[in-house]
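Take a look at the structure below.
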Amino acid sequence: MITKRNLLCVKAKEKLDLGRILLYEPYKNILVNFKELCIDVNAKDFDPVAKVYDGLLSVPFEIKEYYEALLGVASYYHHSQGGRGKYIEKKIASSFETCSLDIALSKLPFWLEYPSLHKKKGIFTQKGLSSKEKKILRTIEWDWLGDRDVSTDVGSIIQAEKTMVLAELKNRVDTGGTAGRREIWTSEKFGIFVEYLKSNKKLFRKNDKEFSLAELLDNFGIKNFEIYIGVLFDKGDNPATIQSDKTNGFYSSSKQGFEYLQSLTKQSSTMKIINEDPENLQMELNLSYSSLKVKIGALYGNDITLKLFRKNFPVSDLLLLKYDDIWLSQLIAIDERAILLKHKNNYMSIVLDLLKRDKDLRTKYDDLIDSEGAENELEAIVNYLLNKHPNLFVGRLLPVGKKKAEYLADVIQVLCATEA
């Protein structure tokens, strides 16, 4: 009995949509390194101090290799999660054509003039740009005149409503702590926008003409400017609500920050609050020198995507890409490395060696990859290996409690995911 796993990295990359590509690259990198841990004894070493501190010199003999493998695999995994931090922001940006991420105030002209290029750079970084695109980035005609730049996680331009929406995101109601939540509202984020709108200071220059923030937006036909803090989930991975923030989050810190912005606005001669809802942390402003309408507030759960996209998009859908690559490869890597450390051999090493020596096996392996891990092709290769080479897949190389065919199938699937 074997189990076909739902692996992303065995799929053909060129067929994947953008949301899956965001996971594909970091997943693939992790799996490739796990493979090395499975087949190379020297892929992970511990210095003398680490051996003492981590207990490698005192662990019971019978579990020494397993414990060392566990430490080695876990250590690599926790140092290889560079793609995780911006995943939600990238997933949101990829879900709507005019949505982008890493919106720096100083780069607003670039975003407004080249929205697709700005989005591409945000998702794939500068490494993903062509030489022509990099040249556009280097030679942008707009100068930044401001003294304090500020950026937000994601933003969207809704042309039909002549609206720009910016959102600073928190994954959960308890993310960031009280200080982190308060800073978003005050001098670190939203307060900077309010100060610039209050002063109407010139922030941008193109050729000899200078523009304040309101003037820049007007120049590009933007009549409404909205800034929000968005809290995506509660502590149970459900869409956040203001009530869950009050109960398990940092609503009180948001309230303090909101009141700071209210006070800042009320002291201004150029800004006027025309609508406010202090309990739900919402306010709408008018400017004396411009027709620009400004909204500042807090959003929770599905209201975040509703404001960004102007359409219903459940934030829970951001978590729907559920694949087996990471948990399966990590567990297989721990078992295979423990066996490698103990016996200097394991199932993955045997399969890789046979692939060098057996043309028929290479054909079946290629068929399995071409089928993106189809169950019938997986069964065929497992049966072939166990029937033709039963003396190689011995019981001493099998983890305790595992069944040979099922475990071998998992090893092969992880191997395919690294090489597809």
Side-chain angles (χ1 to χ4, degrees), residues 3 5-8 17-20 22-24 26-27 30 74 77-78 80-96 99 101 152-156 165-185 189-190 226-258 277-282 296-331:
T3 302
R5 306 299 186 179
N6 183 28
L7 299 175
L8 175 63
D17 60 35
L18 182 55
R20 287 167 173 78
L22 297 177
L23 287 178
Y24 183 93
Y27 275 19
I30 289 170
Y77 179 69
H78 286 294
S80 63
Q81 298 180 58
R84 188 178 70 172
K86 287 286 183 182
Y87 169 69
I88 284 290
E89 290 92 332
K90 290 182 178 182
K91 183 67 175 72
I92 289 174
S94 70
S95 300
F96 190 63
C99 192
L101 69 157
T152 47
D153 291 326
V154 293
S156 188
V165 183
L166 302 180
E168 184 72 10
L169 300 179
K170 293 295 181 185
N171 286 347
R172 298 201 327 180
V173 292
D174 57 343
T175 301
T178 56
R181 183 73 73 89
R182 209 165 29 238
E183 284 172 358
I184 291 175
W185 294 94
K189 292 280 183 182
F190 295 175
E226 303 178 8
I227 317 170
Y228 300 104
I229 176 175
V231 184
L232 289 160
F233 302 101
D234 64 17
K235 292 179 72 173
D237 298 334
N238 299 307
T241 63
I242 194 166
Q243 187 56 50
S244 63
D245 196 21
K246 289 179 178 179
T247 305
N248 296 298
F250 300 106
Y251 171 84
S252 59
S253 297
S254 273
K255 186 74 179 289
Q256 290 172 10
F258 180 80
D277 182 352
E279 188 64 20
N280 289 303
L281 310 180
Q282 300 283 335
I296 303 174
L299 300 173
Y300 293 90
N302 297 333
D303 286 341
I304 299 169
T305 44
L306 182 62
K307 284 291 186 182
L308 281 170
F309 306 155
R310 294 309 203 256
K311 61 174 67 173
N312 290 315
F313 185 100
V315 293
S316 298
D317 286 1
L318 300 171
L319 304 178
L320 287 181
L321 300 182
K322 298 176 182 177
Y323 290 102
D324 299 328
D325 301 63
I326 297 301
W327 72 262
L328 180 66
S329 63
Q330 194 163 195
L331 294 180

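In this text the structure is predicted, and so the values were computed from the model without any measurement.
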Heavy-atom closest pair (Ala240 atom, Val231 atom, distance to 0.1 Å) is CB-O, 3.3 Å
Original post:
Would a 4.5 Å heavy-atom cut-off, applied to side chains only, mark Phe313 and Asn302 as touching?
Top reply: no
Check: Less than 4.0 Å between a side-chain N and a carboxylate O, is that true for Glu168 and Arg181?
Finding: no
Smallest heavy-atom separation, Leu281 atom then Ser254 atom, equals CD1-CB, 3.6 Å
Rounded to the nearest 0.5 Å, the NZ atom of Lys322 sits from the CG atom of Asn6 at a distance of 11.5 Å
Checklist entry - Does a side-chain heavy-atom distance below 4.5 Å link Ile326 with Ile30? => result yes
task: Compare all side-chain heavy atoms of Glu226 with those of Lys307 and state whether any distance is below 4.5 angstrom.
output: yes
CG of Asp245 to CG of Asp234, rounded to nearest 0.5 Å, is 10.0 Å
In terms of heavy-atom contacts, Ile242 and Glu279 come closest through CD1-O, 3.4 Å
>> Run Arg172 and Leu232 through side chain to side chain contact (heavy atoms under 4.5 Å, CB included) and show every step you take.
In response: CA-CA 6 Å; Arg172 298 201 327 180; Leu232 289 160; over 6 Å; no
Please report the C-alpha distance between Asn238 and Ser316 in whole Å, then the side-chain angles of each, then the deciding distance to 0.1 Å, and finally whether the side chain to side chain contact (heavy atoms under 4.5 Å, CB included) criterion is met. CA-CA 7 Å; Asn238 299 307; Ser316 298; over 6 Å; no
Residues Gly155 and Leu166: closest non-hydrogen pair is CA-CD2, 4.1 Å
Side chain proximity check, Tyr228 to Tyr300, heavy atoms < 4.5 angstrom: no
Between the CG atom in Leu299 and the CG atom in Leu169, the distance rounded to the nearest 0.5 Å is 9.5 Å
_Min side-chain heavy-atom separation Val165-Arg310 under 4.5 Å_ = yes
Side chain to side chain donor-acceptor pair (under 3.5 Å) filter on Thr175, not counting sequence neighbours, yields none
Student check: side-chain heavy atoms of Asp174 and Asn248 closer than 4.5 Å:
no
Value for NZ (Lys170) from CD1 (Ile184), rounded to nearest 0.5 Å, stands at 4.0 Å
Under a 4.5 Å cut-off applied to non-hydrogen side-chain atoms, are Tyr27 and Leu7 in contact? no
Sequence neighbours excluded, the answer for side chain to side chain donor-acceptor pair (under 3.5 Å) partners of Ser244 is Thr241
Note to self: Looking only at the side chains, is there a donor atom on one of Tyr87 and Glu89 sitting less than 3.5 Å from an acceptor on the other?
What the structure shows: no
By side chain to side chain donor-acceptor pair (under 3.5 Å), Asn280 pairs with (sequence neighbours left out) Asp277
When every non-hydrogen atom of Leu22 is compared with those of Ser94, the smallest separation belongs to CD1-OG, 4.1 Å
dist Arg5:CZ -> Ser329:OG (nearest 0.5 Å) comes out at 11.5 Å
Taken to the nearest 0.5 Å, the spacing of Asn312 CG from Thr305 OG1 works out to 7.5 Å
_I want to check something: taking the side chain as every heavy atom from C-beta on, are Val315 and Phe233 in contact at a cut-off of under 4.5 Å?_
yes
Strictly by modelled atom types, are Ser252 and Gln256 linked by a side-chain donor-acceptor pair under 3.5 Å? no
Taking every heavy atom of Trp185 against every heavy atom of Ile296, the minimum-distance pair comes out as CZ3-CG2, 4.1 Å
- request: Show the numbers, then the answer: is there a side chain to side chain contact (heavy atoms under 4.5 Å, CB included) between Leu101 and Asp153?
  value: CA-CA 5 Å; Leu101 69 157; Asp153 291 326; over 6 Å; no
